[in-house]
Amino acid sequence: MEYAAIGLAIFGAVLGLRFRFRALLPFALLVLFVTIFLTLNQRLGGLEAVLAVLATQAILQGGYFVGVTIRALYRAYPRKLIAPDQLAAADKRRSNSESIASN
């Protein structure tokens, strides 16, 4: 079970790194149905089934949050390495090249 939890957390982190929130919803529903099926298959009690569902959802969503956080930090970090005047010049060059390409 520990390996399944680690795998689910890694899967959630990959989802967070790669996709936006809308991609999390179908996978959260899939994990919900798989967890319910497995708890019924193993004949767990009501409280144990609820705890299993809550634990799997928390692990998936926690991994997703870690992935989104890493993605946001990765995208924000390179901007800090460029001086503001160089950044403005780079944006101006980019807008000029886009206007030339559109003509």
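With rounding to the nearest 0.5 Å, the separation of CZ in Arg20 from CG in Leu15 is 14.0 Å. Rounding to the nearest 0.5 Å places CZ of Phe21 at 5.5 Å from CG of Leu24. We find the CG-CZ distance between Leu32 and Phe27 to be 14.5 Å, quoted to the nearest 0.5 Å. Put simply, CG on Leu40 and CD on Gln42 are 10.0 Å apart, with the number rounded to the nearest 0.5 Å. If you take CG on Leu29 and CG on Leu25, they are separated by 7.0 Å, rounding to the nearest 0.5 Å. Put simply, OG1 on Thr69 and CG on Leu17 are 9.5 Å apart, with the number rounded to the nearest 0.5 Å.
Side-chain atoms of Tyr64 never come within 3.5 Å of backbone atoms of Ala9 as a donor-acceptor pair (strictly under, hydrogens ignored). The backbone N or O of Gly45 sits less than 3.5 Å from a side-chain atom of Glu48, completing a donor-acceptor pair. The backbone N or O of Phe19 lies less than 3.5 Å from a partner atom in the side chain of Arg71, making a donor-acceptor pair.
Each of Val31 and Val53 belongs to its own hydrophobic cluster when Ile, Leu, Val, Met, Phe, Trp and Tyr are linked at side-chain heavy-atom distances under 4.5 angstrom. Note on Phe37: it clusters hydrophobically with Val34, by side-chain heavy-atom contacts below 4.5 Å among ILVMFWY residues.
The two residues Ala49 and Leu44 make their nearest non-hydrogen contact at N-CB, 4.5 Å. Across all their heavy atoms, Thr39 and Ala52 have their closest contact at CG2-CB, 3.8 Å.
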Quiz item: Between Leu60 and Thr56, does a side chain to side chain contact (heavy atoms under 4.5 Å, CB included) hold up when you go through it step by step?
Solution: CA-CA 6 Å; Leu60 176 69; Thr56 56; over 6 Å; no
